[in-house]
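Only this structure's heavy atoms are used, side chains among them; waters, hydrogens and symmetry mates stay out. Since the model is a prediction, treat every value here as computed from it, not as a measurement.
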There are 2 protein chains.
Amino acid sequence: MTEERPYHHGNLRVALLDAAERVLREQGADQLALRDLAREIGVSHAAPRRHFPNRQALLDALAVAGFARLDSTLRTAMAGAGEDFASRVRATMTAYTRFATDNAALLELMYTSKHRPDAKQIAEAAEAPFGLMIELILQGQAECKLQEGDTARIGIVLFATLQGIAALINGKLVPPELLDGLVETAVEQFLRGARPLP
Amino acid sequence: MTEERPYHHGNLRVALLDAAERVLREQGADQLALRDLAREIGVSHAAPRRHFPNRQALLDALAVAGFARLDSTLRTAMAGAGEDFASRVRATMTAYTRFATDNAALLELMYTSKHRPDAKQIAEAAEAPFGLMIELILQGQAECKLQEGDTARIGIVLFATLQGIAALINGKLVPPELLDGLVETAVEQFLRGARPLP
DNA sequence: CCTACTTTGTAGTCCATGACAACATTCTCT
DNA sequence: AGAGAATGTTGTCATGGACTACAAAGTAGG
């Protein structure tokens, strides 16, 4: 049981991110202390600084990783929904809100404007899931299920609706039981509200 | 210029809230330190504790006040929009997103789930603007401009869309210039997507 | 009024944490 | 092997929240 602790951890950056993600999930961003992470991992209090110049940098890295994970979640959901446009929309919207409510604190990090200089990196990371929404809208327009027009605008509004539903639930302003019903209403309204003019 | 400083400030609670709101707006919640407020107001570092048992309590009070201010903003906007349903919707939605983007940090406080025990108080405060949305939907339903059905659900989805648009802009994921266009798209989609089935 | 009680502010302290600097160890590459 | 770069450690500082004991000002009841 004599734990060998080599001078170099070997994987500290990843270990920090993993531990940070767990703390974020369990206790929120406010409770996330670099020193706690270091203690838990078994390195000295200043070690994290070699990998993240400051606390915010670690949070930003979490946000960037979050967008990547969100993107792959959405793509998986969409791929599993077949080719039908409506079912793709439904699957994607459901997957998004599920991710958002399962990762409340992470979502907050991802969308919150605390990022001053690193904003570019985060905005870039956000483009992946954003792009997916755009692809979806483009499919709908190609199939004449959605009105032509500013694709990005429609996509952003859809994205915003999902994000808003999740935010209301995460903020405990709306009880979680309502999630599925709200998403369903949002899906229906979107499909009806954005379909081509007759 | 000999500033008379009576032992008792006389209005410290209000002074704290005012100063806090300004700091919140100018520098964000993270930068809000009780000791700074005390210094600025000219009281000792522990004085704020007489009015707010801890930092979070002050932030919660700001959030509650924020909901009240939001409510009155929305009611004013709605009152100024005449009786027509569509124009009321438009006015309210515009006022909401304007408030939300003008008070980004405050909005975050209002919706963020950092409130553990005080959640009840904040949820109560949120009911005022929520109720306004409900009233609006009820009017639309009464005038047969909206489908019958779960009023609250429709209202929450509408609210969520606005909140989401504001969040995307506040988080700098979407440039602010797009605000008006996005709101317009959201209004149109809402009016079309939630209108009665033909 | 004046005395007891309450409210509100002050002074002093403790502790956790982020940031930084100086130094130590290990790795890597030639 | 040796030089320089990475990566960790120890030590230190400043900030800020939380807490306690004390002081001053307000407020009532007698």
Side-chain angles (χ1 to χ4, degrees), chain A residues 2-24 26-63 105 108-109 112 114-118, chain B residues 2-24 26-63 105 108-109 112 114-118:
Chain A
T2 57
E3 301 241 350
E4 305 278 332
R5 296 190 192 247
Y7 190 89
H8 283 112
H9 177 284
N11 215 9
L12 184 52
R13 188 191 161 89
V14 171
L16 283 168
L17 285 171
D18 284 352
E21 196 176 318
R22 192 178 40 69
V23 172
L24 181 66
E26 292 172 2
Q27 316 187 38
D30 285 352
Q31 300 306 312
L32 194 156
L34 293 182
R35 282 168 112 109
D36 281 346
L37 298 181
R39 256 190 295 275
E40 178 183 330
I41 292 173
V43 294
S44 74
H45 63 227
R49 242 175 87 78
R50 292 292 174 197
H51 301 275
F52 303 97
N54 55 41
R55 192 184 114 101
Q56 190 57 50
L58 189 156
L59 295 180
D60 287 349
L62 285 178
E108 215 176 290
L109 265 194
T112 266
K114 284 167 191 163
H115 334 283
R116 305 291 156 200
D118 213 355
Chain B
T2 57
E3 301 243 350
E4 304 279 328
R5 298 190 190 247
Y7 190 89
H8 285 110
H9 177 283
N11 215 9
L12 185 51
R13 188 190 161 89
V14 172
L16 283 167
L17 286 171
D18 285 353
E21 197 177 316
R22 192 178 41 69
V23 172
L24 181 65
E26 292 172 1
Q27 316 187 38
D30 286 351
Q31 301 306 312
L32 194 156
L34 294 182
R35 283 168 113 109
D36 283 346
L37 299 182
R39 255 189 293 275
E40 180 184 328
I41 293 173
V43 294
S44 74
H45 60 126
R49 241 175 89 76
R50 292 292 173 195
H51 301 275
F52 303 97
N54 54 42
R55 191 184 115 102
Q56 189 58 50
L58 190 155
L59 294 181
D60 287 349
L62 285 178
E108 216 176 290
L109 265 194
T112 266
K114 283 167 192 164
H115 335 285
R116 304 293 154 199
D118 213 357

Find out whether [X] and [Y] are in side-chain contact, i.e. whether some heavy atom of one side chain is under 4.5 Å from a heavy atom of the other.
X	Y	value
B/Leu12	B/Arg50	no
A/Leu34	A/Leu16	no
A/Leu17	A/Glu21	no
A/Val23	A/Asp36	no
B/Leu58	B/Arg55	no

Look at the side chain of [X] and decide which nucleotide, out of [options], has an atom nearest to it.
X	options	value
B/Ser44	C/dG9, D/dT7, C/dA21	C/dG9
B/Arg49	C/dT10, D/dG17, D/dT20	D/dT20
B/Arg55	D/dT10, D/dG17, C/dG9	D/dG17

Nearest whole Å is fine: how far is [N] [atom2] from [X] [atom1]?
X	N	atom1	atom2	value
A/Asn54	C/dT17	CG	C1'	14 Å
B/Leu12	C/dT7	CG	P	16 Å
A/Gln56	C/dG18	CD	C1'	13 Å
A/Leu59	C/dT17	CG	C1'	14 Å
B/Leu16	C/dT8	CG	C1'	12 Å
A/Phe52	C/dC20	CZ	P	16 Å
B/Leu34	C/dA16	CG	P	19 Å
B/Leu37	C/dG9	CG	P	14 Å

Comparing A/Ala33 with A/Arg50, nearest DNA chain C nucleotide closer to 5' gives the residue A/Ala33

Could you tell me whether the side chain of A/His45 has a donor or acceptor atom within less than 3.5 Å of a complementary atom in the base of D/dG11?
yes

So, under a plain 3.5 Å distance rule, would you say the side chain of B/Arg35 forms a donor-acceptor pair with the base of D/dG17?
yes

Heavy atoms only, 4.0 Å cut-off, all strands: where does A/Arg39 land among base, sugar-phosphate and nothing?
sugar-phosphate

